[in-house]
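Note sheet for the following structure.
Numbered from 1 within each chain, the chains take letters A, B, ... in sequence-line order. Heavy-atom basis, side chains included; hydrogens, waters and symmetry copies ignored.
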Amino acid sequence: MKRYIPKDIEPKWQKKWAETNLYAAEDFSLKPKYVMLTEFPYPSGAGMHVGHMREYSLGDIVARQKRMQGYNVLFPMGFDAFGLPTENYAIKNKISPQQATSDAVTSFVQQLKGMGFSFDWSRSFNTSDPEYYRWTQWLFLRFFKSGLAYQSEIAVNWCPFCKTGLANEEVINGRHERCDTPVEKKLLKQWMLRITDYADRLVDGLSTVDYPSRIADQQINWIGRSKGAEINFSIDNQDVTITVFTTRPDTIFGATALVLAPEHPLVERLTTTAQKERVNAYIKATEAKSDIERQDTDREKTGVFSGSYALNPASGERIPVFIADYVLTGYGTGAIMSVPAHDERDHAFAVKYDLKIIEVIKPSDDKTTAATVFTGEGVMFNSGKYDGLASSEMREQIIKDLAEKGLAKEKINYRLRDWIFSRQHYWGEPIPIIHCPKHGAVAVPEQSLPVELPKVAHFEPTDTGESPLATIADWVNTTCPECGTPAKRETDTMPNWAGSSWYYLRYFDPHNANAFADRKLLDYWGAVDMYLGGMEHTTLHVLYSRFWHEFFYDQGLVPTPEPYSARRGQGIILAADGTKMSKSKGNIVNPNEVIDNGYGADALRLAITFLAPYDQTTPWSPEALGGTFRFLQRLWTLVHDYVESDGGDNESDDLKTIINRTIYKVDQDLMAYGFNTAIATFMECVNDLYRVKAKDNFSSIEWQWAIESVLKLLAPFVPHISEELWEAIGNEGSIHLEEWPGYDQAWTIDQEVTVAIQINGKIRGTVKVQRGTDQAAVLTAAKQELSASNYLVGQEITRVIYVPDKLLSLVVK
RNA sequence: GCCGGAAUGGCGGAACUGGUAUACGCGCACGACUCAAAAUCGUGUUCCUUUUGGAUUGAGGGUUCGAUUCCCUCUUCCGGCACCA
């Protein structure tokens, strides 16, 4: 018998699949379509480790099963080539980013092909190809022409290490998500995308798609929609109004101060001469603080009195106006009404600065202790005509009453901020804008796209807040498309999230030179049916691309309101020691090494998938590989034993049951993405086949059917060995073109069942009976079974509960 | 602080709508083959007591004939957000 040596079979089949174009998706096929998308990687010099392969292994299983189930499957792969990782790699190795990208793509393709994934390679592209980013620029101009892309001089998050501005989404706990450097604030003129215009749509759209709640909730939290009111406070003896945002207008009678952010535009005007020195000193001190310092919630609250007083529009009381940095300038109006009795932050502030604390809400059950700040709903008091009424019900009434006097209006605020879209780096799509002294920012005409990234000798980022492109005079200097006068190109580039915000659409029509994709193909392929990727992209890439797609839908460019019908997030594979795999720690498990060590891609795919539920973060276990390899060896031996045997002529009910049950279970598991339990089912199945083989001499026809069925089920998981064994048992043509096997329900059920006997809640024995035996007969059998023991001796049975074919529960005393 | 998830043998994990907890794999032990080892095959493997038995799904309570599963309280860990009014 031939031994199972993966090296001998895997490259052979990979070559054959490529030659026969086995996994090509067909445009306009009459079969139902299924788009299985896995996030495309950014090509870097580091190569991919086993953790990366989890995502593609899972996607490949689904894609292959769907193909066998008769779908026209699109399972594409490309490369997210622009961005910091590639640029940093290029700088470090003193090669051009173009070269770094092309080298990395070559090695990534080799790694992916070695795993036997069924990607349609004819649709592959990389986002740094001018033929691709031409359309990224074209789509950006749609935002620009709709007023959704605008320039703004704002204090951006600046990473001093990467030397670039960042979006809010890229800042984690005050640090850059990529390099962990604390970010600084830097005043820069930036391109922004008005994602906040789509805040409601991004929340509401979630109820139309199939996302796990942990992903949907995270996006909802990130967007942070909160309903409340803007209320105007007039300033005593001055013709000035301060507008505050609050979600609790029902506490307005308890507002005993106004607090403005230090950056609030009215601070200067409200500061009295007597207080000027103190206020200026405070603002200076605030500016000196880092973002991380300012965001520390445990920090003692500080502030300063402005000298002015406001009038509470509900109570008419004169209340002081303070300036304090616990009020944020970027949220709401940058000013709040302080209600110390019912807000913990305001309480702490009021205690420190000796402000009045007026309680106006008490819990309906009235068991509050004076020590705590009551922030819940309750009954209003000290609130004039609202006394005795429920706070939750009066909230809208108060807004209405104040609105009649022109003092308030309903308002919804979002935590989400507009998307800072400029990067001061070389390796990105040039923003296709020309700055004309007369016409301002002008779009590059469509026929002049792409605005190609010039090839340069020096592409290192600068400290000036300008992109390296700014130094290339003959690229920067151009003429205005409107009037022909000398003008300058925009020198900032787009963030690495730009190309990935629409890449799935390009797979539908990857070679189109006249449009980002043909409308007929967009209509045919529609939304992505399943999108698998990392949890870390929930509030970055997934949110961004939903925003782009929703805008395109409004522009009539795409047929569906949402890009992804369903989304799943796979868990991270950690190193065996439980820490993250990283090149610097040297704990990376390289798939190439695993394959070369003789385990092969199939055993690796199984090990990755069998490790844990797909969505769970879990440490890698090198030993698991031995287990899955042994399993494949046992399968190999089983099939070859059959091929080399003569075969008998026995019919076998056991065999029928084993196979039908396996098909049923694997079917169920795959529907629920229970990949690890599906593999356990295969292992049980092969163990069972060994067991019955030793017992009976089955007919060849039955064995052939059994083995063919098992191989078809295994084909999506282990494509090489199943193809090899499919051939070995005498089949022509690829197993991957076979139909997914069906099962006979009748053979998945045992005729003889084991019924557990429970006495007072404890299992005391079991009886075997025919399926469908009635309660009386089972009770008789149970009494007989337990006659040898004394559980029932001298006891009276007071209650009998029978769960048919499963369990008999007796209550005795 | 807020939102989400989790806790089951030595380890990764399984268990359908409440119905025989520990499937499958790893590891370990013993046996077969071998001069020997590896590989392979077989047997066993939750814990305590081993005679009967008893305990056990992070802790404590509850509902139920019966709870890993449902409810309440709490602990720990992981992910996300965080002075967002």
Side chain of [X], backbone of [Y]: donor and acceptor closer than 3.5 Å?
| X | Y | value |
| --- | --- | --- |
| A:R54 | A:G571 | yes |
| A:E55 | A:E39 | yes |
| A:Q758 | A:L807 | no |
| A:H640 | A:W636 | yes |

Would one find a side-chain N or O of [X] under 4.0 angstrom from OP1 or OP2 of [N]?
| X | N | answer |
| --- | --- | --- |
| A:T538 | B:G80 | no |
| A:Y326 | B:A85 | no |
| A:S226 | B:A85 | yes |
| A:R214 | B:C3 | no |

(message) I want to confirm an ordering. Mapping A:N760 and A:D346 to their closest nucleotides on RNA chain B, which one lands closer to the 5' end?
(response) A:N760
(request) For A:G334 and for A:L810, find the nucleotide of RNA chain B with the closest heavy atom, then tell me which residue's nucleotide is more 5'. (result) A:L810
Rounding to an integer number of Å, can you tell me how far [X] [atom1] sits from [N] [atom2]?
| X | N | atom1 | atom2 | answer |
| --- | --- | --- | --- | --- |
| A:L416 | B:G80 | CG | P | 18 Å |
| A:I573 | B:C78 | CD1 | P | 20 Å |
| A:I608 | B:G13 | CD1 | P | 16 Å |
| A:I215 | B:C81 | CD1 | P | 14 Å |
| A:D296 | B:C81 | CG | C1' | 15 Å |
| A:Q219 | B:C2 | CD | P | 23 Å |
| A:I252 | B:A85 | CD1 | P | 17 Å |
| A:L260 | B:A85 | CG | C1' | 13 Å |

(request) Using Watson-Crick or G-U wobble pairs with both distances under 3.5 Å, give me RNA chain B in dot-bracket, 5' to 3', with [ ] for crossers and | for pairs to another strand. (result) (((((((..(((......[....)))((((((.......))))))(((....)))..(((((..]....))))))))))))....
Quote, to the nearest angstrom, the [atom1] distance that separates [N] from [M].
| N | M | atom1 | answer |
| --- | --- | --- | --- |
| B:G62 | B:U69 | P | 14 Å |
| B:G80 | B:C30 | C1' | 50 Å |
| B:A85 | B:A6 | C1' | 32 Å |
| B:U68 | B:G9 | P | 14 Å |
| B:A55 | B:U22 | C1' | 15 Å |
| B:U34 | B:U50 | C1' | 37 Å |
| B:A7 | B:C16 | P | 13 Å |
| B:C48 | B:G42 | P | 28 Å |

(request) Quick one: label A:R417 by what it contacts on the DNA or RNA (base, sugar-phosphate, nothing), any heavy atom closer than 4.0 Å. (result) base
(message) Walk along nucleotides 15-32 of chain B from 5' to 3' and tag each nucleotide B, S or - by protein heavy-atom contact under 4.0 Å, base first, then sugar-phosphate.
(response) -B--BB--BBSSS-----
(request) Give a yes or no on this: more than 12 heavy atoms of other residues, nucleotides or ligands lie within 6.0 Å of atom CD of A:E536. (result) yes
(message) I'd like to know whether NZ of A:K768 has more than 12 heavy-atom contacts from other residues, nucleotides or ligands below 6.0 angstrom.
(response) no
(message) Less than 4.0 angstrom from a charged side-chain N to a carboxylate O is my criterion; do A:E300 and A:K352 meet it?
(response) yes
(request) Fit a plane to each ring of A:F675 and A:Y673, take the angle between them on a 0 to 90° scale, and name the class: parallel (under 30°), tilted (30 to 60°) or perpendicular (over 60°). (result) tilted
(request) Could you work out which one of B:C83, B:G4, B:A85 sits closest to the side chain of A:T297? (result) B:C83
(message) Which nucleotide wins on minimum distance to the side chain of A:Q633, given the candidates B:U40, B:C83, B:G80?
(response) B:U40
(request) Consider only side-chain N and O atoms of A:T539 and A:E169, and report whether a donor and an acceptor are under 3.5 Å apart. (result) no
(request) State whether a side-chain donor-acceptor pair under 3.5 Å links A:Y331 with A:S226. (result) yes
(message) Here's one to test your reading of the geometry: is the NZ or CZ of A:R634 within 45 degrees of the ring axis of A:Y690 and under 6.0 Å from its centre?
(response) yes
